[in-house]
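The structure appears right after this line, and notes come after that.
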2 protein chains.
Amino acid sequence: MTAHPTAPRSRRERPAKPALTREGIIATTVDLMRAEGLERVTMRRLAKELDTGPASLYVYVRSMAELHAAVLDELLGGVDLTPAAADGEWRDRLGRILTSYTSVLFEYPGLAQSALVARPFGKHYLKLVEALLALLDEGGLEPDRAAWLLDLLLQFATATAAEHAHRAPGDAPQSESDWQALATVVRDVSPRTHPHIAALGTRLLSGSPQDRLAWGFDVLIAGARHAPPPDVLAPSPVHTRGTEG
Amino acid sequence: MTAHPTAPRSRRERPAKPALTREGIIATTVDLMRAEGLERVTMRRLAKELDTGPASLYVYVRSMAELHAAVLDELLGGVDLTPAAADGEWRDRLGRILTSYTSVLFEYPGLAQSALVARPFGKHYLKLVEALLALLDEGGLEPDRAAWLLDLLLQFATATAAEHAHRAPGDAPQSESDWQALATVVRDVSPRTHPHIAALGTRLLSGSPQDRLAWGFDVLIAGARHAPPPDVLAPSPVHTRGTEG
DNA sequence: ACCTGAACACCGTTCAAGT
DNA sequence: ACCTGAACACCGTTCAAGT
């Protein structure tokens with residue numbers, strides 16, 4: 001692909017190609033993703049864009065999953081954290097940050113899906129967590145509740161964004177008909193076998209994603225205060241994590 | 001899986017191969033998944049197992065995603081719904097059903113990941129929803145709150161299960177080291193730049209998945225009662241759904 | 001020592017062609 | 001009419017070999 005004998009050396013005025021470095025790979029992924037969607041950014045496609053073979057990428061990133069995590073953290077730089085230090089009620093400012101986080105993820109639901117499996121924990125993620133914890137602290141929430149609530153809030157926002165991953169290349173043609181199908185099922189359910197579903201009917205499906213999201217944050221924040229405290233908090237809880245015992 | 005009693009010319013004593021029908025395809029997917037994991041069940045692999053070509057499957061299933069949804073609903077038949085009609089406190093019985101749902105999904109986190117994007121809404125899913133709504137009704141929760149809480153509970157359980165999708169063929173080798181890396185990051189964070197993270201330290205990571213899950217259910221149920229009501233509930237809310245307006 | 005061509009071992013889905 | 005072989009258009013990752 002390089003160096004045709006007859007070609008002049010400045011072959012094309014393409015947008016400046018980043019050097020083959022970790023940063024360049026991440027930047028190119030972001031560009032390609034914005035232009036064509038996450039699902040078009042494959043290792044091979046990325047390599048082509050960088051005028052090399054796919055193997056070369058593995059010098060700088062461990063895997064596709066690791067690249068996704070790095071890209072997500074990059075995007076998280078776009079989350080508006082200014083409400084953390086602004087005036088006003090803490091609850092309101094918390095909501096504004098969480099909404100900003102969610103709207104960033106909404107642009108790339110596939111990335112949200114990755115984030116669910118492999119939490120990023122990069123630079124920007126850490127700043128986001130710090131801002132959220134500061135607000136929960138300001139709200140007077142017990143530290144242990146805040147620690148667990150943090151995960152609940154971020155997981156809820158991330159999962160909500162991930163739900164919108166339909167990998168559609170251009171539009172979302174099945175999303176609408178999916179929802180129509182759901183509405184039909186809910187409407188046509190027998191009141192004899194499913195009385196509670198029938199009674200609620202399409203109220204089960206009511207509300208915009210935004211309303212659902214806002215209510216979810218309300219529920220989590222109110223619930224963290226009113227639910228019994230996290231009851232299994234050993235003094236050194238690091239090693240109590242799950243399946244090994 | 002039933003033995004064909006006639007068996008005219010038994011060509012090979014293989015485990016009984018289901019006929020090429022929708023049910024047979026789903027059953028074979030479940031078998032293959034249990035034996036080798038979801039990630040090994042590809043359309044090609046499935047076709048091979050059924051002694052045909054991959055194209056033939058598309059006569060019975062629309063796509064891989066649709067097949068996943070069908071298989072998940074099949075698995076949801078294994079959720080224990082008996083607590084719905086049992087004695088005892090509604091809250092406790094609700095928790096038991098939700099835990100059963102989650103543990104079914106925990107066995108196949110990849111399926112949970114699919115479920116997040118494409119809700120199944122098959123026969124068994126509908127029965128699960130009915131059981132949960134019955135208990136929320138028994139608990140005296142307002143219908144509108146119950147409708148929205150239902151989604152929150154199922155989404156939380158599903159997302160929690162999906163988090164454990166690491167597609168590991170045999171073991172989970174990176175999961176443990178991932179967590180170690182996380183612990184290191186949290187421990188090594190600067191108290192100057194990230195005071196709240198530093199103050200909480202590994203308490204951020206405390207608790208087993210089970211404890212987190214149980215607390216999450218507590219938070220959602222308590223929160224649904226204490227949060228302000230869903231405020232955007234038009235009388236006929238079906239058409240108020242989001243992006244079109 | 002650092003990088004990469006080529007290969008390995010696959011994918012989901014479609015459609016023209018067979019029976 | 002119903003089914004499917006073969007093709008289309010790709011994948012992520014590894015490693016022996018080049019520079």
Side-chain angles (χ1 to χ4, degrees), chain A residues 1-3 17-26 28-29 32-33 35-72 110-111 113-114 117-118 165-171 173-174 177, chain B residues 17-26 28-29 32-33 35-72 110-111 113-114 117-118 165-174 177:
Chain A
M1 206 149 176
T2 2
K17 188 113 21 198
L20 195 55
T21 60
R22 184 162 227 274
E23 287 69 36
I25 289 169
I26 292 169
T28 306
T29 305
L32 212 50
M33 197 177 66
E36 308 184 22
L38 180 65
E39 72 284 337
R40 292 243 185 261
V41 189
T42 64
M43 295 305 248
R44 284 160 183 272
R45 181 71 211 287
L46 202 45
K48 202 165 289 176
E49 205 72 13
L50 290 160
D51 279 331
T52 183
S56 305
L57 302 175
Y58 288 85
V59 178
Y60 306 97
V61 300
R62 222 187 308 280
S63 68
M64 189 75 165
E66 201 235 337
L67 177 59
H68 278 174
V71 166
L72 176 56
L111 234 37
Q113 226 178 346
S114 301
V117 176
H166 28 51
R167 123 221 57 171
D171 226 329
Q174 98 243 47
S177 70
Chain B
K17 189 108 26 194
L20 195 55
T21 61
R22 183 161 227 271
E23 287 70 37
I25 289 169
I26 292 169
T28 306
T29 305
L32 213 49
M33 197 177 66
E36 309 184 22
L38 180 66
E39 70 284 336
R40 291 243 185 260
V41 189
T42 65
M43 295 305 247
R44 284 159 183 271
R45 181 71 213 287
L46 202 45
K48 201 165 290 175
E49 205 72 13
L50 291 160
D51 280 330
T52 184
S56 305
L57 302 175
Y58 288 84
V59 179
Y60 306 97
V61 299
R62 223 187 307 278
S63 68
M64 188 76 165
E66 201 235 335
L67 177 58
H68 278 175
V71 166
L72 176 57
L111 234 38
Q113 224 178 346
S114 301
V117 176
H166 28 51
R167 121 222 59 173
D171 227 328
Q174 98 245 47
S177 71

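FYI, side chains are in, hydrogens and waters are out, and symmetry mates aren't considered; it's all heavy atoms of this structure. Since the model is a prediction, treat every value here as computed from it, not as a measurement. A, B, ... follow the sequence lines: proteins, then strands. Residue 1 opens every chain.
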Rounded distance in Å - OH (Y58(B)) to C1' (dA16(C)): 17 Å

Secondary-structure string, 5' to 3', Watson-Crick or G-U under 3.5 Å, | for another-strand partners, for DNA chain C: ||.|||||...|||||.||

In whole angstrom, what separates R40(A)'s CZ from dC11(D)'s C1'? 14 Å

Straight-line distance of Q113(A) CD to Q113(B) CD, nearest 0.5 Å: 5.0 Å

Rounded distance (nearest 0.5 Å) linking atom CD of E49(A) with atom OG1 of T42(A): 10.5 Å

Taken to the nearest whole Å, CZ/R62(A) to C1'/dT14(D) is 16 Å

Atom pair CG (L50(B)) and NZ (K48(B)), whose distance is rounded to the nearest 0.5 Å: 12.5 Å

Among the nucleotides dC11(D), dT13(C), dT13(D), which one has an atom lying closest to any side-chain atom of S63(A)? dT13(D)

Could you give the NE2-to-C1' distance, from H68(A) to dC11(D), as a whole number of Å? 13 Å

Integer-rounded Å distance: dA9(D) P and E39(A) CD: 18 Å

Whole angstrom is fine here: how far is it from NZ in K48(A) over to P in dC10(D)? 8 Å

Cut-off 3.5 Å, no hydrogens considered: what does the side-chain donor-acceptor table look like for residues 58-65 of chain A, sequence neighbours left out?
from, atom 1, to, atom 2, distance (Å)
Y60(A), OH, L20(A), O, 3.1
S63(A), OG, A65(A), N, 3.4
S63(A), OG, E66(A), N, 3.3

d(CE, M64(B); P, dC11(D)) in whole Å: 18 Å

Sugar-phosphate or base contact per nucleotide [nucleotides 2-7 of chain D; S, B, -; heavy atom under 4.0 Å]: -SBB-B

Looking only at heavy atoms, which two atoms of A165(A) and G110(A) are closest? And how far apart? CB-N, 4.0 Å

Straight-line distance of S56(B) OG to D51(B) CG, nearest 0.5 Å: 11.0 Å

In whole Å, what separates the P atom of dA9(D) from that of dA9(C)? 25 Å

Value for CG (L46(B)) from OG1 (T29(B)), rounded to nearest 0.5 Å, stands at 4.0 Å

Atom CD of E36(B) to atom P of dC10(C): distance rounded to whole Å? 12 Å

How far apart are the closest heavy atoms of A70(A) and I26(A), and which atoms are they? CB-CD1, 3.7 Å

Measuring only between side-chain heavy atoms, which start at C-beta, is L67(A) closer than 4.5 Å to L57(A)? no

Can you check the distance between dA6(D) and dC10(D), where both ends of the measurement are the P atom (answer in whole Å)? 22 Å

